[in-house]
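The figures here come from the full heavy-atom set of this structure, side chains too, leaving out hydrogens, waters and symmetry mates.
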Amino acid sequence: MYNSGVLWFRKMSVVAGKVLSTVNAPYGTTLSAEQLASKISDPASAVSFDPSAFSFFSEVDESIQISFLDEMHVDPMAASDLARKFSALAGYPLPLARAA
């Protein structure tokens with residue numbers, strides 16, 4: 001966005017950059033941090049077998065997941081509930097599935 005002679009842009013955090021590169025690269029997607037935050041807290045993501053949400057829960061390191069949830073103001077309980085649903089679908093435990 002251009003404003004009063006100054007170019008403004010939103011700088012992506014290191015955490016968001018790591019998460020998005022892990023989640024977007026395998027599927028050739030270009031989700032924003034906000035879009036992914038919505039997917040990892042929406043129960044419909046498990047119903048639709050959303051690959052981006054599953055990738056977040058299965059391929060991103062647990063400490064980075066927790067940092068991303070905090071940074072994006074995602075309810076940890078909602079994310080944990082969704083991780084449990086994906087864990088049941090996948091047939092193996094996912095880190096956030098055991099979180100409370």
Can you confirm whether Gln35 sits close enough to Ser52 that some side-chain heavy atom of one is under 4.5 Å from a side-chain heavy atom of the other?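 No, every pair of side-chain atoms sits at 4.5 Å or beyond.
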
Linking I/L/V/M/F/W/Y whenever any side-chain heavy atoms sit under 4.5 Å apart, do Phe86 and Val47 land together? no

Calculate, to the nearest 0.5 Å, the distance between atoms [atom1] and [atom2] belonging to [X] and [Y] respectively.
X     : Y     : atom1 : atom2 : answer
Leu96 : Ser58 : CG    : OG    : 11.0 Å
Leu20 : Leu36 : CG    : CG    : 6.0 Å
Met77 : Leu82 : CE    : CG    : 12.5 Å

Can you list everything that forms a side chain to side chain donor-acceptor pair (under 3.5 Å) with Lys85? Sequence neighbours excluded, please. none

With Thr29 via side chain to side chain donor-acceptor pair (under 3.5 Å) - residues at least two apart: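 Result, side chain to side chain donor-acceptor pair (under 3.5 Å) vs Thr29: Asn24.
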
For Asp42, what residues pass the side chain to side chain contact (heavy atoms under 4.5 Å, CB included) criterion, not counting sequence neighbours? Ala44, Ser45

Could you tell me which residues satisfy side chain to side chain contact (heavy atoms under 4.5 Å, CB included) with Ala25, sequence neighbours excluded, listed by chain and number?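 Scan of Ala25 (side chain to side chain contact (heavy atoms under 4.5 Å, CB included), adjacent residues dropped) gives none.
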
Enumerate the salt bridge (Lys or Arg N to Asp or Glu O under 4.0 Å) contacts for residues 13-31, please, sequence neighbours excluded, ordered by first and then second residue. none

Quick one: side chains of residues 64-71, donor-acceptor pairs under 3.5 Å with protein atoms, not counting sequence neighbours, listed by atom name and distance.
unit_1	atom_1	unit_2	atom_2	d
Gln65	NE2	Phe56	O	2.9
Gln65	NE2	Phe57	O	3.2
Gln65	NE2	Val60	O	2.8
Ser67	OG	Ser63	O	3.1
Glu71	OE1	Ser13	OG	3.0
Glu71	OE2	Ser13	OG	2.4

For residues [X] and [Y], report the shortest heavy-atom separation together with the two atoms involved.
X     : Y     : result
Pro93 : Ser87 : CA-OG, 3.3 Å
Ala83 : Leu94 : O-CD1, 3.7 Å
Pro26 : Ser21 : CD-O, 4.4 Å

